[in-house]
Protein chains: 2
Amino acid sequence: MTDTGTLPTATTTTSTRRLRTGQLRTGIAADRDSGSVMSADELAGDLHGVAERRLRRVDQRYTSGRRAIVELLVSARHPVSISDIAEHLPDLPRSSAYRHLTDLQAAGLIRRVAASDEFTRFELAEDLTEHHHHLLCVNCGKVTDVTPPAGFEHQVAGAVSDLAAAQGFQPQSHRLDILGLCADCHER
Amino acid sequence: MTDTGTLPTATTTTSTRRLRTGQLRTGIAADRDSGSVMSADELAGDLHGVAERRLRRVDQRYTSGRRAIVELLVSARHPVSISDIAEHLPDLPRSSAYRHLTDLQAAGLIRRVAASDEFTRFELAEDLTEHHHHLLCVNCGKVTDVTPPAGFEHQVAGAVSDLAAAQGFQPQSHRLDILGLCADCHER
DNA sequence: TGTAGTCTGAGACTGAGTCTCAGTGCAAGC
DNA sequence: GCTTGCACTGAGACTCAGTCTCAGACTACA
């Protein structure tokens, strides 16, 4: 089972998902340290600034290693596995990679993604990108991002709310994974 | 992180999912060996008969170990992990458990379920139960089955089809996981 | 500058899942 | 009923993704 593609070749993903650079102002406002002073211009579009802020909020630094991971996730445009990281950041020691992922996740910058049946994948947190779902190829393991129409997403939210309420369950997020064969494996 | 509950206590799951005993006739017809003769009455409601047939179709036997796993999945009513199996079938050796699960999955009797971030869980194949989704508690790991309304499922199927077609992706199945806090963890 | 605490890389450790293999069990054919 | 070929089994070795440890380096703050 091969990995999701050759990073950071974006051609394996034709997702319409984009970084929310134009919308980060709102997100960053939530990241503002109480007391810090920074102009809105400096804040806008500053993903790494957000990263640093969130890490400092939990008494951590935005080190070069952590930054390298974030940059890889940005350029990848789809969920990234540990082996992807090892491949594209060969100088990053394994234990550091794992630790960085854990730290970045704890700081709310990235999230874990369930793959078809494979090892862990990570991607940027949704509030830094946009809500989307995944196509999972059961043959080669490729993961493709897809963004559903707003109307559909509204329907999902309603159903999620109902289903959860019936069980006294407090929903925090949902994921819709579509399993099947990608274009490459389908043609064979 | 605790396991999904004490099997086979069904009270942890209030799912409306039921085994398709009343509908198995159709499914079993598909399982009939070309040439075997069995009355419709004998076929109806015979999950273990289906199990045996499917295994024999791939030149395997429905052994007592495999049957024990199936019975556990039947009584559990929600996805079961390896540790659940070890707990409820203490005499079943570990390597056999793993092997049975692999064999049953290959024969199309069970399927793997993605849990929140935990180890592998299995449940009966959908055509032996019914289409459903899962509530995943991110705190304790409990997995609860929920059956969506038919109308919603129809909407999902349409969206899945569109999203996949846009990528030249051939969809085979989909899953909707709702992550959050179960009733127990929510109250705390 | 000093200090406290975060961070790092190397490598040991863990355990879920996989594999091996000698012996057992089973079903089909005679 | 017997024989035979092959599926099946349990015990335990093995693999590797992920976790943990620790001495030393780095950083931010006073």
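In what follows, chains carry the letters A, B, and so on, assigned in the order in which the sequence lines appear, proteins first and then strands, with residues in each chain numbered from 1. Not measured: the values here are computed from a predicted model.
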For this session: Calculate the interatomic distance between A:R112 atom CZ and D:dG18 atom P; express it in whole Å.
Result: 7 Å
Exercise. Which residues pass the ring-ring contact (aromatic ring centres under 6.0 Å, His included) test with B:Y62, sequence neighbours left out?
Worked result: B:H48
For this session: Starting at the 5' end of nucleotides 20-30 of chain D, put B wherever the base has a protein heavy atom under 4.0 Å, S where only the sugar-phosphate does, and a dash everywhere else.
Result: B------BS--
Seminar exercise, completed: Closest of D:dG18, C:dC7, C:dT8 to the A:R66 side chain is C:dC7
Exercise. Could you give the CG-to-P distance, from B:D91 to D:dT9, as a whole number of Å?
Worked result: 15 Å
Problem set entry | Residues that B:R111 engages under salt bridge (Lys or Arg N to Asp or Glu O under 4.0 Å), provided they are two or more places apart | B:E123, B:E126
Exercise. In whole angstroms, how far is the C1' atom of D:dC16 from the CD1 atom of A:I82?
Worked result: 12 Å
Exercise. CZ of B:R94 versus P of C:dG17: gap in Å, rounded?
Worked result: 10 Å
Exercise. Do we see a donor-acceptor contact under 3.5 Å between the side chains of B:R99 and B:S96?
Worked result: yes
Exercise. A:S96 has a side chain; which of C:dT8, D:dC8, D:dA11 sits nearest to it?
Worked result: C:dT8
Seminar exercise, completed: The nucleotide from C:dT8, D:dC8, D:dG18 with an atom nearest the side chain of B:Q60 is D:dC8
Problem set entry | Any B:Y98 side-chain nitrogen or oxygen under 4.0 Å from OP1 or OP2 of C:dT18 | no
Problem set entry | Phosphate contact (C:dC26 OP1 or OP2) by B:T63 side-chain N/O below 4.0 Å | no
Problem set entry | For A:Q170, all residues meeting side chain to side chain contact (heavy atoms under 4.5 Å, CB included), sequence neighbours excluded | A:Q172, B:L181, B:H186
Seminar exercise, completed: Rounded to 10°, the angle between the first-five-pair and last-five-pair axes of the helix from C:dT1-D:dA30 to C:dC30-D:dG1 is 30°
Problem set entry | Distance in angstrom units between B:Y62 OH and C:dC26 C1', rounded | 17 Å
For this session: Would you indicate, yes or no, if C:dC7 has its OP1 or OP2 atom less than 4.0 angstrom from a side-chain nitrogen or oxygen of A:H100?
Result: no
For this session: Quickly work out the B:R121 CZ to C:dA16 C1' distance and round it to whole Å.
Result: 14 Å
Seminar exercise, completed: Sequence neighbours excluded, the answer for ring-ring contact (aromatic ring centres under 6.0 Å, His included) partners of B:H133 is B:H131, B:H174
